[in-house]
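Taking it in order: structure first as structure tokens, then the write-up.
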Amino acid sequence: MKLVWSPETASKAYIDTVKSCELFQESGEAELLSALAGGWNAKMIVEVYMHGSATVATSVGLAIAAAHAGGHHVCMVSDERSRLDYVNAMHSAGVSPAEVVVGGAEEAVVGLADIDFLVVDGRRKDFSRVVRFAKLSHRGAVLVCRNSSLRTMAGFRWGGVLGSTSRVVRSVVMPVGKGLDIAYVAYNGVTTDSHKSTSRWITHIDQQSGEEHVIRG
């Protein structure tokens, strides 16, 4: 079983997010992520919240996507102050807050399972650990690094921070907001087939588009 794209759900999530985020006047990041989460029918959407209007708009978009996809939206915050900031911001936007998990992001993400849409700010020092310890869905997952242009991790590649049970199928960096680095990840699993176990995955980076393509060799 794998993630299946639904253009209809993506469209509905996008349109509703446009309407709800008019007051934020942001770059379109919220609308794009909402359409992606909704279109992939994400059942477990997890975001690591950081203060700021752009983050609030993204949270609104993800909440709308979860509603259209019939999924669950979880927001991780570092402390009680951040929780109150998030809840108040969502109420001001007229959207019901997601389930909130308070604590260190790395510890909090370990308690969540079957994540198929994960959004983390690239400026976080624990970014790599959050991604590595996230329990991704066997259906596959979409990983999003916000503010990728501000990221200080030189030479970053999704494959370098994922666990052995997941592999990157495709990734792309988009000039939306402060940069979105988006990866589609498939569940690798464990196999006893000797032919499959010795096959290799060859990674190619398109220097013009920034896309990362992974091909079985």
Side-chain angles (χ1 to χ4, degrees), residues 1-17 28-48 58-76 98-99 101 109-122 127-128 130-146 148 157-174 176 180-191 196 199 201-204 206 209-216:
M1 187 175 181
K2 63 180 181 179
L3 293 176
V4 178
W5 180 255
S6 170
E8 181 179 359
T9 307
S11 178
K12 290 178 179 178
Y14 176 85
I15 293 173
D16 284 352
T17 302
E29 176 183 300
E31 292 87 343
L32 173 60
L33 294 183
S34 179
L36 285 176
W40 286 116
N41 281 301
K43 301 305 179 185
M44 175 60 86
I45 300 173
V46 177
E47 64 169 316
V48 181
T58 296
S59 297
V60 170
L62 294 177
I64 291 173
H68 281 292
H72 189 52
H73 178 208
V74 178
C75 180
M76 297 192 301
E99 175 186 344
V101 177
V109 77
V110 170
L112 303 172
D114 296 326
I115 300 171
D116 45 20
F117 202 90
L118 176 64
V119 182
V120 188
D121 197 304
F127 173 88
S128 295
V130 172
V131 175
R132 183 176 298 115
F133 289 107
K135 298 176 181 177
L136 304 180
S137 171
H138 289 191
R139 298 193 307 150
V142 176
L143 310 180
V144 180
C145 173
R146 300 182 61 248
S148 62
R157 289 291 180 268
W158 285 107
V161 299
L162 288 169
S164 59
T165 59
S166 301
R167 60 178 171 79
V168 178
V169 175
R170 185 179 183 184
S171 69
V172 61
V173 178
M174 304 188 69
V176 179
L180 291 175
D181 193 334
I182 305 172
Y184 178 84
V185 176
Y187 179 69
N188 209 29
V190 178
T191 178
K196 291 183 178 179
S199 64
W201 291 91
I202 303 171
T203 302
H204 170 70
D206 189 311
S209 67
E211 290 187 348
E212 180 176 321
H213 302 278
V214 184
I215 306 170
R216 186 185 290 275

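Source: prediction; values computed, not measured.
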Subject >> Distance-only side-chain donor-acceptor flag, E99 / H73, under 3.5 Å >> reply: no
Heavy-atom pair with the smallest gap, counting every atom of [X] and [Y]:
X	Y	result
S34	G61	OG-O, 3.0 Å
A98	C75	CB-N, 4.2 Å
A69	A42	CB-O, 3.7 Å
G38	T9	O-CG2, 3.1 Å

**OP:** Taking salt bridge (Lys or Arg N to Asp or Glu O under 4.0 Å) as the test, write out the residues that go with D121, two or more places apart.
**Re:** R123, R146
Subject >> side-chain contact (heavy atoms from CB on, under 4.5 Å) assessment of V185 paired with R167 >> reply: CA-CA 6 Å; V185 176; R167 60 178 171 79; 5.9 Å; no
Subject >> Any residue meeting side-chain contact (heavy atoms from CB on, under 4.5 Å) with A134, in chain and number order, not counting sequence neighbours >> reply: V109, I115, L118, L136
Original post:
Considering residues at least two apart in sequence or located in another chain, which fulfil the side-chain contact (heavy atoms from CB on, under 4.5 Å) criterion with A37?
Top reply: I45, L62, A65, F117
**OP:** Hey, could you give me the OG/CE distance between S148 and M174, rounded to the nearest 0.5 Å?
**Re:** 10.5 Å
Original post:
Between NE2 of H138 and CG of D114, what distance do you get to the nearest 0.5 Å?
Top reply: 7.0 Å
Subject >> Donor-acceptor contact present, side-chain D116 to main-chain M44, <3.5 Å >> reply: yes
**OP:** Please confirm whether the backbone N or O of A13 pairs with a side-chain atom of T17, one donor and one acceptor, at under 3.5 Å?
**Re:** yes
**OP:** With sequence neighbours excluded, give me every salt bridge (charged side-chain N to carboxylate O under 4.0 Å, His left out) pair touching residues 39-48.
**Re:** none
Original post:
For residues 64-75, which residue pairs qualify under salt bridge (charged side-chain N to carboxylate O under 4.0 Å, His left out), counting only residues two or more places apart or in two chains?
Top reply: none
**OP:** Evaluate the criterion side-chain contact (heavy atoms from CB on, under 4.5 Å) for residue pair L112 and K135; output intermediate values, then yes/no.
**Re:** CA-CA 7 Å; L112 303 172; K135 298 176 181 177; over 6 Å; no
[X]: what forms a side-chain hydrogen bond (donor to acceptor under 3.5 Å, both in side chains) with it, not counting sequence neighbours?
X	result
S137	none
S11	none
D181	R151, W158

Original post:
Would N41 and L3 satisfy side-chain contact (heavy atoms from CB on, under 4.5 Å), going step by step from the backbone distance to the final call?
Top reply: CA-CA 7 Å; N41 281 301; L3 293 176; over 6 Å; no
Going by heavy atoms in the side chains, are [X] and [Y] under 4.5 Å from each other?
X	Y	value
V46	V119	no
R170	V168	no
R132	L162	no
C145	F127	yes

Original post:
Going through the checks in order, is the side-chain contact (heavy atoms from CB on, under 4.5 Å) test met by L143 and V131?
Top reply: CA-CA 8 Å; L143 310 180; V131 175; 4.1 Å; yes
Original post:
Of all residues at least two apart in sequence or in a different chain, which pass the ring-ring contact (aromatic ring centres under 6.0 Å, His included) check with Y184?
Top reply: W40
